[in-house]
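Lettering follows sequence order; numbering is per chain, from 1.
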Amino acid sequence: MEIQDRLLTWYRENRRDLPWRKDKDPYKIWVSEIMLQQTRVETVIPYFNRFVEQFPTLQHLAEAEEDEVYKAWEGLGYYSRIRNLHSAVKEVQSSYGGYVPYEPKKMARLKGVGPYTLGAVLSIAYDQKLPAVDGNVMRVLSRLFVLTDDIAKPKTRKKIEQLALQLIPEEAPGDFNQALMELGATICVPSSPRCLLCPLQQACQGLATGQHDELPIKTKNKAPLKQKMVFLLIRDQNKLWVEKRPDTGLLAGFWSLPTIERDKGESAIDAAIRWGELHGILLRNGRQVGELEHIFTHRHWNIEVLEMDYLGIENMYNENISLWTYEKFSNSTLANVYRKALKFI
DNA sequence: AAATCGTGGCT
DNA sequence: TAGCCAAGATT
């Protein structure tokens, strides 16, 4: 039997019952694909269920306020995803009458829709013959055909897309793409693949030559940059000072606790006072009230949380700082690293 | 092409 | 612990 038939048969008998597989609503499939980027299925499930309940159709999402939409994404990470998705959905509503485009060129122009998401949405929702090559597919095909290209290189993904396209059966592009990913997620897993349960066991060149454990080839990531950070709790009556992060970079545009990186040899209190000088706020006498570690993809923050004595403000107007009540903290969208720090207030 | 962007779980 | 990984896109 062909590889395609074995894989499709296996998939149709073993596919997980996931919330975004209840129907073929292009909008819901799109939302799920964005959420699933670099994010585990188990993590996504509760977010997805809440999201589609709150925004049942593309039109609901397009017409929703940004605050509400971002709040629904709080804690999921990679927040440019939701910024781009909201923007793209509004574009679909205004330019395409609320229908997710069928034409790949139109879909590809939407913000946040890269080669993978394009192929995934259009193949699953509309059964279009397009590759959907994610990390799973690169791993599965690397092992199946003993591809020794470095999957960390963009060039390799393009090569594997061409291969994947050749493999897609005319009659079931959506199921075939999902089957490759499902195999990678449940059988052909990164370490200790469950080859004995694999429907492609006989066809797998990697298994036959004993190279399945060495594949795929992938260059190592750099170690995350270690930084000593200080978060400030600055009380004014029943409120706390917050600052707005820059519009680019890490946690772009989010409101946060006042944050500053310690210079070499600088004490946490001196760093805190330096933050105050930068923002026109008079501070002194900090006390550490907590400490925590937080690891991003490429940064490792050791964080001291300091409660400061607040003496007053110098500048009357600074758009990048504000005073929030505790209720405001609950209602606003806060990145997890800051949500974690709030336990020390 | 390589760096950047969150978070949580597992080894 | 430190490193790796998870249905990637953008710059």
Side-chain angles (χ1 to χ4, degrees), chain A residues 11 15-16 18-21 28-48 70 73-85 87-88 107-121 123-124 131-140 150-158 160-161 164 174 177-186 188-193 216 218-226 245-254 256 292-302 333-340:
Chain A
Y11 174 66
R15 67 195 296 235
R16 290 167 293 177
L18 301 171
W20 45 90
R21 288 179 173 165
K28 291 180 190 168
I29 291 168
W30 185 7
V31 169
S32 76
E33 291 301 342
I34 300 297
M35 285 189 174
L36 285 162
Q37 289 172 7
Q38 302 293 288
T39 310
R40 296 174 181 282
V41 166
E42 313 85 70
T43 303
V44 166
I45 289 173
Y47 278 91
F48 177 85
Y70 293 175
W73 204 270
E74 182 178 60
L76 250 190
Y78 284 158
Y79 297 99
S80 66
R81 291 184 296 176
I82 187 55
R83 211 160 34 238
N84 288 335
L85 177 61
S87 165
M107 184 73 188
R109 259 184 254 128
L110 298 170
K111 286 183 183 174
V113 178
Y116 165 76
T117 304
L118 173 74
V121 173
S123 68
I124 297 170
V133 174
D134 69 340
N136 287 312
V137 175
M138 289 198 285
R139 182 172 60 255
V140 168
D150 181 355
I151 65 167
K153 307 247 179 237
K155 192 176 168 185
T156 302
R157 199 212 69 233
K158 291 181 184 173
I160 294 182
E161 278 174 351
N177 282 343
Q178 291 184 85
L180 275 178
M181 293 188 274
E182 191 85 350
L183 189 72
T186 62
C188 196
V189 291
S191 65
S192 307
K218 185 175 181 295
T219 53
K220 291 177 182 174
N221 295 327
K222 289 194 312 183
L225 176 67
K226 290 186 178 180
R245 297 183 57 81
D247 288 327
T248 58
L250 192 66
L251 305 174
F254 276 66
S256 69
L292 48 101
E293 302 284 327
H294 192 83
I295 301 172
F296 302 99
T297 304
H298 61 291
R299 295 188 205 188
H300 182 155
W301 280 5
N302 171 272
T333 306
L334 218 56
N336 265 22
V337 61
Y338 292 105
R339 192 63 76 192
K340 286 197 319 195

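- For A:Gln38, the side chain to side chain donor-acceptor pair (under 3.5 Å) criterion is met by no residue, not counting sequence neighbours.
- The distance from atom CG of A:Asn136 to atom CD of A:Gln178, rounded to the nearest 0.5 Å, is 12.0 Å.
- Legend: residues meeting ring-ring contact (aromatic ring centres under 6.0 Å, His included) with A:Phe296, ordered by chain and number and at least two apart, are A:His294, A:Trp301.
- Contact annotation for A:Arg21: base contact, defined as any heavy-atom pair under 4.0 Å involving a base atom.
- The separation of C:dC4 from B:dA3, taken at their P atoms, amounts to 15 Å, rounded to a whole angstrom.
- Of the C1' atoms belonging to C:dC5 and B:dG6, the separation is 14 Å, rounded to the nearest Å.
- Under the rule for a salt bridge (charged side-chain N to carboxylate O under 4.0 Å, His left out), the partners of A:Arg157 that lie at least two apart in sequence or sit in another chain are A:Glu161.
- Atom CG in A:Asp247 sits about 14 Å away from atom P in B:dC5, given to the nearest Å.
- Under the ring-ring contact (aromatic ring centres under 6.0 Å, His included) criterion, A:Tyr47 pairs with no residue at all, not counting sequence neighbours.
- Evaluation of the ring-ring contact (aromatic ring centres under 6.0 Å, His included) rule for A:Tyr11 yields no partner, not counting sequence neighbours.
- Legend: residues meeting side chain to side chain donor-acceptor pair (under 3.5 Å) with A:Asp150, ordered by chain and number and at least two apart, are A:Thr219.
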Taking only N/O atoms, report every protein-nucleotides 8-11 of chain B pair under 3.5 Å with atom names and distance.
from: B:dG8; atom 1: OP1; to: A:Asn336; atom 2: ND2; distance (Å): 2.6
from: B:dG8; atom 1: N2; to: A:Arg40; atom 2: NE; distance (Å): 3.2
from: B:dG8; atom 1: N2; to: A:Arg40; atom 2: NH2; distance (Å): 3.1

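- With rounding to whole Å, A:Met35 atom CE is found 16 Å from B:dG6 atom P.
- Listed by chain and number, the residues in a side chain to side chain donor-acceptor pair (under 3.5 Å) with A:Asn84 amount to none (sequence neighbours excluded).
- Look at the P atom in both B:dC5 and C:dA7: the space between them is 23 Å, to the nearest Å.
- The interatomic distance linking A:Asn221 (CG) with B:dA2 (C1') rounds to 12 Å, in whole Å.
- The nearest heavy atom of DNA chain B to A:Lys158 and to A:Val337 marks one nucleotide each, and the one closer to the 5' end goes with A:Lys158.
- Atom NE2 in A:His298 sits about 6 Å away from atom C1' in B:dC5, given to the nearest Å.
- Nucleotides of DNA chain C with any atom under 4.0 Å from a heavy atom of chain A span, from 5' to 3', C:dC4 to C:dT10.
- The interatomic distance linking A:Leu36 (CG) with B:dG6 (C1') rounds to 15 Å, in whole Å.
- Taking the side chain of A:Lys153 as heavy atoms from C-beta on, and the options B:dT7, B:dA2, B:dC5, the nearest nucleotide is B:dA2.
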